[in-house]
There are 2 protein chains.
Amino acid sequence: MNNVRFATSLHILTLLASMPGSYLSSDFIAGSVNVNAAMIRKEIGNLKACGLVESKEGKGGGSTLAKPASAIWLSEVYKAVRQVPVLGKPNTPNPKCPIGRQVNSHLQILYTDMDDYVVEKLSEMTLEEFFKKFN
Amino acid sequence: MNNVRFATSLHILTLLASMPGSYLSSDFIAGSVNVNAAMIRKEIGNLKACGLVESKEGKGGGSTLAKPASAIWLSEVYKAVRQVPVLGKPNTPNPKCPIGRQVNSHLQILYTDMDDYVVEKLSEMTLEEFFKKFN
DNA sequence: TCATACTGTAACAAAAACAATTACAGTACA
DNA sequence: TGTACTGTAATTGTTTTTGTTACAGTATGA
């Protein structure tokens with residue numbers, strides 16, 4: 001994961017958690033995260049698809065949490081932005097080599113195990129708990 | 001980690017483990033991994049710097065494991081190739097925002113914790129154990 | 001009903017990361 | 001001294017990621 005999406009998503013969610021019930025505009029959020037508002041809207045689009053956020057269009061619109069911060073686990077945030085296994089991508093090895101032929105299936109297991117493990121660990125903290133660390 | 005380096009390094013090490021004591025050329029390894037030999041030499045350069053592999057130059061040269069496969073943990077392979085935390089990169093948020101001001105330090109802790117967990121988990125398997133799965 | 005303030009999304013451009021390739025100097029063996 | 005290697009730099013090409021602009025669509029409320 002060589003990108004900024006987890007950080008961005010968690011930042012957005014933390015902001016929303018800090019003002020429960022109110023609808024924050026993408027402009028406002030962009031000001032805090034310090035990126036373009038269109039990027040925020042893209043990321044929010046994803047969080048919506050994952051059921052973490054809901055939005056209202058039109059004047060006075062914006063986004064808010066789709067459920068209480070105490071019901072959002074950091075693993076959900078991770079799953080929302082994950083694209084590639086934590087250990088990276090596989091090669092396309094030579095099938096004529098005994099090692100090359102098998103390595104990807106063993107690697108695959110390792111990749112899946114590690115991803116599961118990361119998810120498990122991130123299930124130990126909710127957004128609420130994360131937000132409580134702020135003062 | 002949106003790259004192929006872990007897969008490549010583990011493939012190389014598995015090959016070396018499969019022929020303990022012999023020095024494999026970068027050309028041979030490249031044939032199995034199915035990438036350019038220069039890439040293999042680069043990756044081996046890194047594995048050497050991490051103390052996992054040793055090489056001989058000149059005719060008849062090549063690379064071999066620097067220690068027994070039973071003494072190489074997969075966490076060492078991960079550490080050898082890791083460049084970015086498993087959860088990705090941080091943003092540079094707005095310090096004027098109370099959330100923005102603090103989010104990176106909390107994120108940082110999360111990142112470090114997750115990386116430690118991954119390392120811990122990968123310390124549960126040695127290269128020998130990984131290789132034993134092949135038949 | 002019209003100005004205003006939003007979202008949603010597409011299209012495009014720019015920057016950064018990653019992978020592939022070529023080339024060649026240096027080293028060691030036989 | 002020819003051959004077969006490593007080590008490494010330089011370069012290019014490709015993919016991923018980020019940033020930006022633009023604008024149609026939607027809701028509000030004066």
Side-chain angles (χ1 to χ4, degrees), chain A residues 1-9 11-12 15-16 22-31 33-50 52-64 66 80-85 87-94, chain B residues 1-9 11-12 15-16 19 22-31 33-50 52-66 81-94:
Chain A
M1 177 127 66
N2 195 358
N3 64 31
V4 97
R5 292 188 59 203
F6 182 85
T8 304
S9 285
H11 190 146
I12 294 170
L15 271 179
L16 299 181
S22 45
Y23 283 78
L24 308 188
S25 75
S26 60
D27 250 357
F28 175 78
I29 298 172
V33 181
N34 197 26
V35 301
N36 195 288
M39 295 292 290
I40 297 294
R41 292 200 286 273
K42 277 182 208 169
E43 207 55 51
I44 283 180
N46 182 52
L47 294 171
K48 273 169 54 182
C50 297
L52 301 179
V53 162
E54 60 188 34
S55 309
K56 254 187 343 199
E57 291 192 5
K59 187 173 178 178
S63 301
T64 195
V81 302
R82 149 178 72 180
Q83 287 173 309
V84 170
L87 294 181
K89 291 183 290 197
N91 283 298
T92 51
N94 185 349
Chain B
M1 177 129 64
N2 196 359
N3 64 31
V4 96
R5 291 188 59 204
F6 182 85
T8 304
S9 284
H11 190 145
I12 293 170
L15 270 181
L16 299 182
M19 302 177 71
S22 45
Y23 283 78
L24 308 187
S25 76
S26 59
D27 250 358
F28 174 79
I29 298 172
V33 181
N34 197 26
V35 300
N36 195 287
M39 295 290 291
I40 296 294
R41 291 200 288 271
K42 276 185 210 167
E43 209 53 52
I44 282 179
N46 182 52
L47 294 171
K48 272 169 55 181
C50 297
L52 302 179
V53 162
E54 60 186 35
S55 308
K56 255 189 339 201
E57 291 192 6
K59 187 171 181 179
S63 301
T64 196
L65 293 181
V81 302
R82 152 177 70 180
Q83 287 173 311
V84 170
V86 292
L87 294 181
K89 291 181 292 196
N91 284 298
T92 51
N94 184 348

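Quick note on labels: first sequence line is chain A, next is B, and so on, each numbered from 1.
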Under 4.0 angstrom, heavy atoms only, what part of the nucleic acid is [X] near: base, sugar-phosphate, or nothing?
X     : result
B/N3  : sugar-phosphate
A/S63 : nothing
B/Q83 : sugar-phosphate

First encountered from the 5' end of DNA chain D, between A/N36 and B/G61: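 Nearest-nucleotide comparison on DNA chain D picks B/G61.
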A/L24 to A/L15 - nearest heavy-atom pair and separation: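 Smallest heavy-atom distance, with atoms named: CD1-O, 3.9 Å.
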5' precedence on DNA chain C between B/K89 and B/M39 (nearest-nucleotide basis):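 Taking each residue's closest nucleotide, the earlier one in sequence belongs to B/K89.
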Of B/V84 and B/A38, the one whose closest DNA chain C nucleotide lies more 5':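 Checking each residue's closest nucleotide, the 5'-ward one belongs to B/V84.
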Closest to the [X] side chain, choosing from [options]:
X     : options                : answer
A/E57 : D/dG25, D/dT21, D/dT6  : D/dG25
B/K59 : C/dA28, D/dT21, C/dT21 : C/dA28
B/K42 : C/dT22, C/dC18, D/dA10 : D/dA10

Inter-residue atom distance A/I40.CD1 - A/E43.CD, 0.5 Å rounding: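 Reported value, rounded in 0.5 Å steps: 7.5 Å.
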Presence of B/S26 side-chain N/O under 4.0 Å of D/dT6 phosphate oxygens OP1/OP2: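 True: B/S26 side-chain N/O within range (under 4.0 Å) of D/dT6 OP1/OP2.
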Below 4.0 Å: OP1/OP2 of C/dC18 and any side-chain N or O of A/N2: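 For C/dC18, OP1 or OP2 has a side-chain N or O of A/N2 closer than 4.0 Å.
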Worked verdict on B/I29 versus B/I44 for side-chain contact (heavy atoms from CB on, under 4.5 Å): CA-CA 10 Å; B/I29 298 172; B/I44 282 179; 3.9 Å; yes
Matching residue for B/R41 among B/S26, B/S63, B/S55 - test: side chain to side chain donor-acceptor pair (under 3.5 Å):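 Exactly one pass, corresponding to B/S26.
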Rounded distance (Å) that lies between atom C1' of D/dA27 and atom OH of A/Y23: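 For the pair A/Y23 OH and D/dA27 C1', the rounded distance is 13 Å.
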